[in-house]
S.K.: 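I'd like to ask you about the structure that follows.
Keep in mind that this is a model prediction, so the values were computed, not measured.
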Amino acid sequence: MDKKTLYLDNAATTYPKPPQVARAVAEYIANIGVNVNRGGYAKAYDAAESILTLRERLCSFFQGPDPRNVIFTANVTSSLNFLLKGWLKPGDHIIVTSLEHNAVMRPLVQLQEQGVSFDCIPPDQNGLPDMSAVKGLIKENTRAIASLHASNVSGGIVDIAALGQICQENNLKLIVDSAQSAGILPIQMKDMHIDALAFTGHKGLMGPQGIGGFIITDEMAAETTPLIAGGTGSFSHLETMPNLLPDRFEAGTMNLPGMAGLAAAMDFLEEQGIEKIHAHEQKLTRVFIDGLKDHEQIDIIGKDYPQRVAVISLNFLGCDNAKIAWMLENEYGIMVRCGLHCAPRAHKSVGTYPEGTVRFAPGIFTTEDDMQYAVEAILKVLAEQ
């Protein structure tokens, strides 16, 4: 079994990127280079047009309300901070799932000091949110439900449409973290009753790091205070932030090379089709799980999920997970992530706290042979214990 180099940490960031992504970033830096809304010359207008086109594409991709409601940030964490801290007020209550990443939990814990409270939907027997318990958590001051779409720990998929229906029935807003699903699972904001969708460019959307955003309804935008104030290149006579979208939430110079890379990544996604990408990753997941499911020393988190994304966490019983991860890289060149994955509540929900798990996350460029290689490597490492 010859050693190879195998990247299985696509839940952290996809790698490699489609070749056109790097080319687009380099092209912007080398041959375009200007700001948008900050210059009255043709090159700046052309750059602004390309960014508008990207907003239009993302709006269509996620079935958002309007291209101007597509707001660019650095990543999904920035987006969630904008939404949670900018919208929630002292005395408000919000419901979250027990699978949330710290991108949601840390802002909420900070907001507790300002009088915001939250409750977590308890997990069902599979570690997924127990939908039957949601309505019992709603209080008079509950204003929203915030939920990830897919878990970065177990790969489990949350029924966003069901949460959206509950929100509709109870006059609540729905805030969705699509870090592990955008570019892999279909997301229709309108049909799912999503009021604010946070996304990041560098994972399933296949773009570069440092570019992300959120899409927000007009109603929720009007109630959200911008966290960052500054120049927008518009309404320069005002010392207050404009009310116009997207300017209201986009102060300062944006990551234009990153946007160029994201636009190129969108080309790739549209060529491939997310249905094809998801089907490919499901096949890889099945090869991996089938190869390990009967091993007595391996606990596969959520191995019986009817639906999942290609995020598979393993707990090696009677072994040191960190040692297993180290051996996989050093002996077999397999790059994985070990630990709590910035989601301690999720690990508590699936019973792997505090030790965490070893997470394997293949991507569109991973092959079935790669997954079989990973299975064989794991079995050989365990045989050495």
S.K.: Donor-acceptor check, side chain of S313 to backbone of I301, threshold 3.5 angstrom: yes or no?
M.R.: no

S.K.: Could you check whether atom NZ of K323 has more than 12 heavy atoms from other residues, nucleotides or ligands sitting under 6.0 Å from it?
M.R.: no

S.K.: Under a 3.5 Å threshold, yes or no: a donor from one side chain and an acceptor from the other, between S234 and D247?
M.R.: yes

S.K.: Which value, rounded to the nearest 0.5 Å, describes the distance between I166 atom CD1 and Q168 atom CD?
M.R.: 11.5 Å

S.K.: How long is the gap from NZ on K17 to CZ on F365, to the nearest 0.5 Å?
M.R.: 10.0 Å

S.K.: For L128, enumerate each residue passing the side-chain contact (heavy atoms from CB on, under 4.5 Å) test, keeping only those at least two apart in sequence or located in another chain.
M.R.: L99, D124, Y305

S.K.: With a cut-off of 6.0 Å (strictly less than), are more than 12 heavy atoms of other residues, nucleotides or ligands near NZ of K380?
M.R.: no

S.K.: Hydrophobic clustering (ILVMFWY, side-chain heavy atoms < 4.5 Å, transitive) - are I145 and I160 grouped together?
M.R.: yes

S.K.: Please collect all salt bridge (charged side-chain N to carboxylate O under 4.0 Å, His left out) contacts where either partner lies in residues 57-83, sequence neighbours excluded, each pair once.
M.R.: R57-D267, R57-E270, D66-R68, R68-D218

S.K.: If I take atom CD from residue E331 and atom CH2 from residue W326, how far apart are they, to the nearest 0.5 angstrom?
M.R.: 7.0 Å

S.K.: Is the backbone of I187 close enough, under 3.5 Å, to the side chain of Q63 for a donor and an acceptor to pair up by distance?
M.R.: no

S.K.: Going by atom types alone, do Q282 and T285 pair a side-chain donor with an acceptor below 3.5 Å?
M.R.: no

S.K.: In terms of hydrophobic clustering (I, L, V, M, F, W, Y; side-chain heavy atoms under 4.5 Å; direct or indirect links), are V96 and I194 co-clustered?
M.R.: no

S.K.: Could you check I289 against R308 for side-chain contact (heavy atoms from CB on, under 4.5 Å), going step by step and ending with a plain yes or no?
M.R.: CA-CA 12 Å; I289 290 177; R308 65 182 306 140; 4.0 Å; yes

S.K.: Please collect all salt bridge (charged side-chain N to carboxylate O under 4.0 Å, His left out) contacts where either partner lies in residues 133-160, sequence neighbours excluded, each pair once.
M.R.: D92-R143, D119-K139, K135-E169, R143-E223

S.K.: Please check this pair: side chain of S79 against backbone of G213, looking for a donor-acceptor N/O pair closer than 3.5 Å.
M.R.: yes

S.K.: State, without any angle test, whether S147 and T97 hold a side-chain donor-acceptor pair at a distance under 3.5 Å.
M.R.: no

S.K.: Could you tell me the separation between the CG atom of L88 and the CD1 atom of I94, rounded to the nearest 0.5 Å?
M.R.: 5.0 Å

S.K.: Membership question, hydrophobic clusters at under 4.5 Å side-chain separation (ILVMFWY): are V381 and L317 in the same one?
M.R.: no

S.K.: Search all heavy atoms of L340 against all heavy atoms of P354 and return the closest pair with its distance.
M.R.: CD2-O, 3.6 Å

S.K.: Report yes or no: do I274 and I364 belong to one cluster of Ile/Leu/Val/Met/Phe/Trp/Tyr joined by side chain heavy-atom distances under 4.5 Å?
M.R.: yes

S.K.: If the condition is ring-ring contact (aromatic ring centres under 6.0 Å, His included), which residues does Y15 pass it with, not counting sequence neighbours?
M.R.: Y7

S.K.: After noting the C-alpha distance and the side-chain angles of I29 and L256, does the key distance pass the side-chain contact (heavy atoms from CB on, under 4.5 Å) rule?
M.R.: CA-CA 9 Å; I29 293 171; L256 300 172; over 6 Å; no

S.K.: With a 3.5 Å distance limit and no angle check, can you tell me whether Y28 reaches the backbone of A47 through a side-chain donor-acceptor pair?
M.R.: no

S.K.: Any chance you could measure E239, atom CD, to H237, atom NE2, to the nearest 0.5 Å?
M.R.: 11.0 Å

S.K.: Determine which pairs satisfy ring-ring contact (aromatic ring centres under 6.0 Å, His included) with at least one residue from residues 152-186, sequence neighbours left out, and list them in order.
M.R.: none

S.K.: Verify, without hydrogens or angle tests, whether Q180 (side chain) and N152 (backbone) share a donor-acceptor contact under 3.5 angstrom.
M.R.: no

S.K.: Can you name the side-chain contact (heavy atoms from CB on, under 4.5 Å) partners of D370, sequence neighbours left out?
M.R.: K4, L6, T366, T367

S.K.: With distance as the sole criterion, is a donor-acceptor pair present between the side chains of N75 and S78 under 3.5 Å?
M.R.: yes

S.K.: Taking ring-ring contact (aromatic ring centres under 6.0 Å, His included) as the cut-off, I'd like each qualifying pair that reaches into residues 31-64, sequence neighbours left out, listed once.
M.R.: F62-F199

S.K.: Determine whether more than 12 heavy atoms belonging to other residues, nucleotides or ligands lie under 6.0 Å from atom CD of Q307.
M.R.: no

S.K.: Ignoring hydrogens and angles, tell me if any N or O in the side chain of S178 forms a donor-acceptor pair with the backbone of A198 under 3.5 Å.
M.R.: yes

S.K.: According to the salt bridge (charged side-chain N to carboxylate O under 4.0 Å, His left out) rule, which pairs have a member within residues 338-359, sequence neighbours left out?
M.R.: D9-R359

S.K.: Would a distance-only check, ignoring hydrogens and angles, find a side-chain to backbone donor-acceptor pair under 3.5 Å from R248 to T224?
M.R.: yes

S.K.: Could you see if L163 belongs to whatever hydrophobic cluster contains L148? Use Ile, Leu, Val, Met, Phe, Trp, Tyr and a side-chain cutoff under 4.5 Å.
M.R.: yes

S.K.: Please collect all salt bridge (charged side-chain N to carboxylate O under 4.0 Å, His left out) contacts where either partner lies in residues 280-290, sequence neighbours excluded, each pair once.
M.R.: R286-D290, D290-K293

S.K.: Does anything in residues 80-126 form a ring-ring contact (aromatic ring centres under 6.0 Å, His included)? List the pairs, not counting sequence neighbours.
M.R.: F82-F214

S.K.: Should we say atom CG of N171 is surrounded by more than 12 heavy atoms from elsewhere, each under 6.0 Å from it?
M.R.: no

S.K.: Could you tell me whether the side chain of T13 and the main chain of K203 form a donor-acceptor pair under 3.5 Å?
M.R.: no

S.K.: Check whether N141 reaches the backbone of G91 with its side chain - one donor and one acceptor, N or O, closer than 3.5 Å.
M.R.: yes

S.K.: Keeping E250 on the side-chain end and T232 on the backbone end, is there a donor-acceptor pair under 3.5 Å?
M.R.: no

S.K.: Do M335 and L8 pass the side-chain contact (heavy atoms from CB on, under 4.5 Å) test, and can you show the C-alpha distance, the side-chain angles, and the key distance before you say yes or no?
M.R.: CA-CA 6 Å; M335 291 169 273; L8 291 179; over 6 Å; no

S.K.: Carefully, step by step, assess I298 and I378 under the rule side-chain contact (heavy atoms from CB on, under 4.5 Å).
M.R.: CA-CA 10 Å; I298 302 175; I378 291 168; 4.0 Å; yes

S.K.: How close do L262 and G201 get, counting heavy atoms only, and between which atoms?
M.R.: CD1-CA, 4.1 Å

S.K.: So how far is it from S349 OG to I121 CD1, rounded to the nearest 0.5 Å?
M.R.: 10.5 Å

S.K.: Sequence neighbours excluded, which residues qualify as side-chain contact (heavy atoms from CB on, under 4.5 Å) partners of D195?
M.R.: K173, L174, T217, M220

S.K.: Under the rule for side-chain hydrogen bond (donor to acceptor under 3.5 Å, both in side chains), what residues qualify as partners of N255, not counting sequence neighbours?
M.R.: none

